[in-house]
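We number each residue from 1, following the sequence as shown. All ligand and atom numbering here is 1-based and tracks the order in the structure.
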Amino acid sequence: MRRASPALLLLLPTLAHELTSFGESGGQANFPRLVAFTLAFLLVLLLTAYLGYRRARTRGGSEVVWAVFPTVVVAVVGAMILMAALNFQPTGGAQLRLEVSGRRYWWAARYPDLGVTTAGEVWVPVGQRVELRATSRDVFFSLAIPGLGVKIDAVPGQQTRTWFVAKQAGIYGGRETEYVGPSTDKMRLRVLALPPEVFDRLIQAIEAYPGPRLEGRARRGEALFLARCAGCHTAKGTPARGTEGPDLSYFRLRTTFGSGVWPNRPSFLRTWIADAPAMKPGVRMPAFHDLGSDEIEALIAFLEDLGPSGFDLARYGRLR
Ligand code: HEC
């Protein structure tokens with residue numbers, strides 16, 4: 001037994017890969033096995049420590065310390081692991097479903113049950129369980145939202161899932177953490193956690209929003225947008241149906257653009273429209289050096305008219 005137990009310890013981790021949520025049956029079905037595994041691992045460790053202690057006692061000397069100390073450490077760590085395992089909750093039972101899809105260098109987002117599409121920023125109600133599904137239309141990405149305890153891989157052709165609850169109103173900053181090119185650090189996802197009644201009002205307004213009511217300069221902006229930008233961008237209520245870039249239907253609601261990087265203000269948008277690659281190296285949006293400043297102003301006026309009005313989401317904007 002004394003010889004066998006270290007060998008057993010070496011063998012146990014080889015079984016562990018079957019217990020992760022990447023297994024074929026998913027994390028859910030593995031839960032009882034995860035607990036059994038944790039208990040077995042703890043038992044073997046304690047047994048080994050106990051045998052060491054007994055041996056040290058029969059031989060005498062300070063070796064007792066070497067047996068007691070690891071036993072305490074193992075017992076504490078084991079208890080922590082067990083508590084974490086008992087807290088483990090499968091996905092499902094979500095009150096809201098949200099899907100994100102990675103593109104170099106931005107996150108497309110969709111609420112499948114609400115038929116709402118956006119990018120770079122998402123809205124969730126405080127205190128409700130949100131199921132988050134991730135995929136990629138591009139390379140392998142990995143999204144981390146530390147404030148919500150989210151870390152999820154986004155893999156082409158697959159859907160990974162997790163869930164979270166935002167406990168307080170505010171903005172939870174998410175980042176793409178896998179190196180995918182020069183603008184890896186500029187591929188963020190901001191989760192705006194809103195009081196549930198504000199969230200409901202927002203979704204109702206978005207669903208009822210027919211499209212922009214344009215006048216003057218914004219109308220000129222629309223014509224330019226349809227000629228130059230609509231191949232890649234969608235704007236609800238206009239003929240623009242492009243999907244290469246973010247859906248701009250509710251652009252007015254964004255507190256930031258460029259996938260959560262720059263404040264949604266005309267000063268930043270001017271530079272962006274004229275030369276996006278200068279701001280975000282490797283971006284799949286071309287520079288428009290030929291546009292005059294009045295044309296850019298018209299485009300900005302159009303963009304700032306997209307989406308329902310009357311929501312000042314920046315109010316909830318404390319970063320958590
Ligand atoms: C060839 C495709 C393409 C064309 C044409 C294009 N864009 Fe884009 N656009 C993109 C892509 C891709 C992004 C996402 C960039 C990123 O954040 O990585 C983007 C992002 C944006 C954003 C920020 C959106 C957000 O939510 O972060 C704005 C605003 C924008 N484009 C405006 C325009 C305007 C105005 C034009 C026309 C003058 C235009 N785009 C033409 C591809 C395009």
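Among the atoms of Gly258, some N or O lies under 3.5 angstrom from an N or O of ligand 1. No N or O atom of Arg284 sits closer than 3.5 Å to an N or O atom of ligand 1. For ligand 1, the polar-atom distance check against Lys280 finds a nitrogen or oxygen pair separated by under 3.5 Å.
Atom numbering of ligand 1 starts at 1 in the shown order; those under 4.0 Å from a heavy atom of Glu244 are 12 (C). Near Leu248, meaning under 4.0 Å from any of its heavy atoms, are these atoms of ligand 1: 24 (C). Close contacts between ligand 1 and Cys232 involve ligand atoms 1 (C), 2 (C), 3 (C), 4 (C), 5 (C), 42 (C), 43 (C) [criterion: under 4.0 Å to a heavy atom]. Within ligand 1, the atoms closer than 4.0 Å to a non-hydrogen atom of Arg228 are 5 (C), numbered from 1 in the order shown. The atoms of ligand 1 that sit less than 4.0 Å from any heavy atom of Gly245 are 10 (C), 11 (C), 12 (C). Less than 4.0 angstrom separates some heavy atom of Phe257 from each of these atoms of ligand 1: 23 (C), 25 (C), 27 (O). With ligand atoms numbered from 1 in the order given, ligand 1 contributes 16 (C), 17 (O), 18 (O) to contacts under 4.0 Å with heavy atoms of Tyr105.
Remark: minimum distance from atom 36 (C) of ligand 1 to any protein heavy atom is reached at Cys229 SG, 2.7 Å. The shortest contact between atom 28 (C) of ligand 1 and any protein heavy atom is with Trp272 NE1, 3.4 Å. Of the protein's non-hydrogen atoms, Val283 CG2, 3.4 Å is the one closest to atom 15 (C) of ligand 1. What sits closest to atom 7 (N) of ligand 1 on the protein, heavy atoms only, is His233 NE2, 2.8 Å. Scanning all protein heavy atoms for the shortest distance to atom 13 (C) of ligand 1 gives Pro246 CD, 3.2 Å. The shortest contact between atom 10 (C) of ligand 1 and any protein heavy atom is with Met285 CB, 3.4 Å.
Residue Glu121 does not touch ligand 1, judged by heavy-atom distances below 4.0 Å. Looking at Pro286 against ligand 1, only its side chain comes within 4.0 Å, counting heavy atoms. Neither the backbone nor the side chain of Val261 has a heavy atom within less than 4.0 Å of ligand 1. With a 4.0 Å cut-off on non-hydrogen atoms, Arg254 touches ligand 1 through its side chain and not its backbone.
Counting non-hydrogen atoms of other residues, nucleotides and ligands closer than 6.0 Å to CD of Glu197 gives a total above 12. At most 12 non-hydrogen atoms from other residues, nucleotides or ligands lie less than 6.0 angstrom from NZ of Lys167.
Residue contacts with ligand 1: Ser259 is included, with a non-hydrogen atom under 4.0 Å away. Proximity of Phe302 to ligand 1 is not established, as no heavy-atom distance is less than 4.0 Å. Look at Thr256 and you'll find every heavy atom at least 4.0 Å from all atoms of ligand 1.
For Ala119, the side chain to side chain contact (heavy atoms under 4.5 Å, CB included) partners are Trp106, Pro246, Arg254, not counting sequence neighbours.
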